[in-house]
Amino acid sequence: MIGQTVTVTVDRPKGSVHPVYKNLVYPLNYGFVQGIMAPDGEWQDVYIMGVEVPVRQFTGRVIAVIKRLDDVEEKWVAAPQGVTFSKEEIQKQTYFQEQYFTCEIFCEND
């Protein structure tokens, strides 16, 4: 999936609060790709990096996959065309949520 262009419906814009965990504020836009089913039976979740304002929809390129080793889910990371981030930067920006899981990050530059 890395390198593919996807359109993300953002249901948790940057600055929004998690619907269940009220102490969890999203420091980046987060949403899903409708039509692609994830292993948890829901639409595929995507973190959006490189977009500094809240958005409702985003079309960009998948630059990484975060594989949760202790969960059935994997999260995709998308960014605007031509924008890349290191594995360390992806880990830093997604830590707010991924800190609760054991993860492995696969990047386009691996």
- Start with the C-alpha gap between Thr5 and Gln81, add the side-chain angles, then the distance that decides, and say whether side chain to side chain contact (heavy atoms under 4.5 Å, CB included) holds. CA-CA 9 Å; Thr5 299; Gln81 294 292 336; 3.2 Å; yes

- Message: Taking Val25 as the starting point, is it possible to reach Tyr21 by hopping between hydrophobic residues whose side chains are less than 4.5 Å apart?
- Response: no

- Shortest non-hydrogen contact between Val20 and His18, atoms and distance: N-ND1, 2.9 Å

- Heavy atoms, side chains only, cut-off 4.5 Å: are Tyr95 and Lys92 in contact? no

- Residues two or more places apart in sequence or in another chain: which of them pass ring pair (Phe, Tyr, Trp, His ring centres under 6.0 Å) with Phe85? none

- Query: For Met37, which fellow cluster members are found when Ile, Leu, Val, Met, Phe, Trp and Tyr are connected by side-chain heavy-atom distances below 4.5 angstrom, either directly or through intermediates?
  - Reply: Phe32, Trp43

- Item | Pairwise side-chain contact, Arg61 with Thr84, heavy-atom cut-off 4.5 Å (strictly under) | yes

- Item | Shortest non-hydrogen contact between Pro27 and Lys14, atoms and distance | O-CE, 3.3 Å

- Task: Search all heavy atoms of Gly50 against all heavy atoms of Pro80 and return the closest pair with its distance.
- Result: O-CG, 3.9 Å

- When rounded to the nearest 0.5 Å, the distance separating CG of Asp40 from CD of Glu74 is 10.0 Å

- Residue of the set Arg68, Lys75, Arg12 for which salt bridge (charged side-chain N to carboxylate O under 4.0 Å, His left out) holds with Asp45: Lys75

- Which distance, rounded to the nearest 0.5 Å, do you find between the OG1 of Thr102 and the CG of Asp70? 4.0 Å

- Query: Do other residues, nucleotides or ligands put more than 12 heavy atoms under 6.0 Å from Lys87 NZ?
  - Reply: yes

- Message: Are Ile90 and Val83 connected into the same hydrophobic cluster when the rule is that any two of I, L, V, M, F, W, Y join if their side-chain heavy atoms are below 4.5 Å apart?
- Response: yes

- So does Gln91 have more than 12 non-hydrogen atoms from other groups sitting under 6.0 Å from CD? no

- What orientation do Tyr30 and Tyr47 show, parallel under 30°, tilted 30 to 60°, or perpendicular over 60°? tilted

- Query: Between Gly31 and Asp11, what is the shortest heavy-atom contact and its length?
  - Reply: CA-OD1, 3.4 Å

- Heavy-atom closest pair, residues Lys22 and Val17: O-CG1, 3.3 Å

- Cluster companions of Val51 among Ile, Leu, Val, Met, Phe, Trp, Tyr (side-chain spacing under 4.5 Å): Met1, Ile2, Val6, Val8, Val10, Val33, Ile36, Val46, Ile48, Val53, Val55, Phe58, Val62, Val65, Trp76, Phe106

- Nearest heavy-atom contact between Ile105 and Cys107 is CG2-SG, 3.7 Å

